[in-house]
Visitor: 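There's a structure below that I have some questions on.
Note: hydrogens, waters and symmetry copies are ignored here, and every other heavy atom, side chains too, is used. For this chain, numbers begin at 1 and follow the sequence in order.
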Amino acid sequence: ATSGELGIYFSRAVTGVDGNKNGVAVIKMNPAMVESLIIIGNKNIDFMFSDECGVVLFSNETDFVYKGLVEIPPDSKEKCAVGTRFPGKEVTLLSYGMVLPEIKKGNSSDVVEFYDEYDNENEVLSYVTLDGHPFIFLLETGSDEFYKTAASISTTVGLFVAVAALSALF
């Protein structure tokens, strides 16, 4: 029996003392529990987990859940059968069409600046593929916010370096 609700599953093979696999232990976690574990100090950042097909499974922006990053390629239609994997859900597209091709080229992480038609603003999207797992973690924020945060971090690091250099002189 299934609940029909989105869940995050963790599984591990159960191996006997003889080395044979005896089964699988599976834990289903409510996505809200995962969100509480992800601490993002800046509330202007949207974060998402997508599967290998580019379907957003979890996001702090609830409108993004069950949305696609790009069209599912014809050669992946069977593996990514949305109607089977997400019964009763229609997967519509977000405006990240230029990002997923970069991921498919094998890039494990990148930062991309683009114009987001959904939000009508220039934004920065950073992503990382989770090695060995079929997920992509994405962060999205406005370009101005991204550069303001980067400048703040750079200034702080610069001050620490200056203080360290001055203290080395004395």
Side-chain angles (χ1 to χ4, degrees), residues 1-114 116 118 123-141 146 149-150 153 157:
T2 63
S3 66
E5 294 180 19
L6 185 63
I8 298 173
Y9 293 84
F10 300 92
S11 63
R12 182 77 178 189
V14 176
T15 306
V17 292
D18 58 2
N20 290 326
K21 292 195 174 30
N22 295 330
V24 177
V26 179
I27 297 173
K28 179 181 179 183
M29 185 179 269
N30 183 318
M33 290 179 70
V34 175
E35 181 178 5
S36 69
L37 297 174
I38 298 174
I39 299 170
I40 297 182
N42 186 330
K43 298 300 179 197
N44 295 322
I45 296 176
D46 295 327
F47 62 89
M48 299 163 263
F49 281 104
S50 79
D51 64 7
E52 73 273 25
C53 297
V55 176
V56 176
L57 303 176
F58 178 70
S59 175
N60 63 330
E61 185 70 41
T62 56
D63 290 345
F64 291 178
V65 177
Y66 297 119
K67 299 285 193 260
L69 299 174
V70 295
E71 286 282 347
I72 295 171
D75 61 335
S76 299
K77 291 273 188 197
E78 188 174 322
K79 177 175 87 170
C80 299
V82 172
T84 304
R85 293 174 63 218
F86 312 113
K89 304 290 183 191
E90 181 182 346
V91 175
T92 57
L93 292 178
L94 294 170
S95 56
Y96 300 127
M98 41 65 77
V99 176
L100 203 60
E102 290 298 316
I103 296 171
K104 288 181 179 177
K105 285 182 194 171
N107 293 345
S108 60
S109 64
D110 203 354
V111 177
V112 181
E113 188 169 10
F114 69 106
D116 188 346
Y118 183 81
E123 295 195 329
V124 173
L125 181 76
S126 58
Y127 65 86
V128 62
T129 56
L130 304 177
D131 291 334
H133 302 282
F135 299 105
I136 303 164
F137 181 66
L138 303 101
L139 295 173
E140 174 193 325
T141 190
F146 176 82
T149 302
I153 292 169
V157 170

Visitor: List in chain and number order the residues that pass side chain to side chain donor-acceptor pair (under 3.5 Å) with Asn22, two or more places apart in sequence or in another chain; answer none if no residue qualifies.
Guide: none
Visitor: Which residues pass the side chain to side chain contact (heavy atoms under 4.5 Å, CB included) test with Val17, sequence neighbours left out?
Guide: none
Visitor: With sequence neighbours left out, what residues match Val14 under side chain to side chain contact (heavy atoms under 4.5 Å, CB included)?
Guide: Ala25
Visitor: If you measure from OG on Ser50 to NZ on Lys67, what distance do you get to the nearest 0.5 Å?
Guide: 14.5 Å
Visitor: For Leu125 and Thr141: C-alpha separation, side-chain torsions, deciding distance, then whether side-chain contact (heavy atoms from CB on, under 4.5 Å) applies.
Guide: CA-CA 7 Å; Leu125 181 76; Thr141 190; over 6 Å; no
Visitor: Testing Phe64, Phe49, Tyr66 one by one against Val56 for a side chain to side chain contact (heavy atoms under 4.5 Å, CB included), which residue passes?
Guide: Phe64
Visitor: What is the distance from atom CZ of Phe137 to atom CE of Met48, rounded to the nearest 0.5 Å?
Guide: 9.0 Å
Visitor: Identify, with sequence neighbours excluded, every residue that meets side chain to side chain contact (heavy atoms under 4.5 Å, CB included) alongside Asp51.
Guide: Cys53, Val55, Leu57, Arg85, Phe86
Visitor: Please report the interatomic distance OH(Tyr127) to CG(Leu139), rounded to the nearest 0.5 Å.
Guide: 13.0 Å
Visitor: Would you compute the distance between atom CG of Leu138 and atom CD1 of Ile45 and round it to the nearest 0.5 angstrom?
Guide: 13.0 Å
Visitor: Report the residues that fulfil side chain to side chain contact (heavy atoms under 4.5 Å, CB included) with Val124, sequence neighbours left out, ordered by chain and then residue number.
Guide: Val111, Glu113, Ser143, Phe146
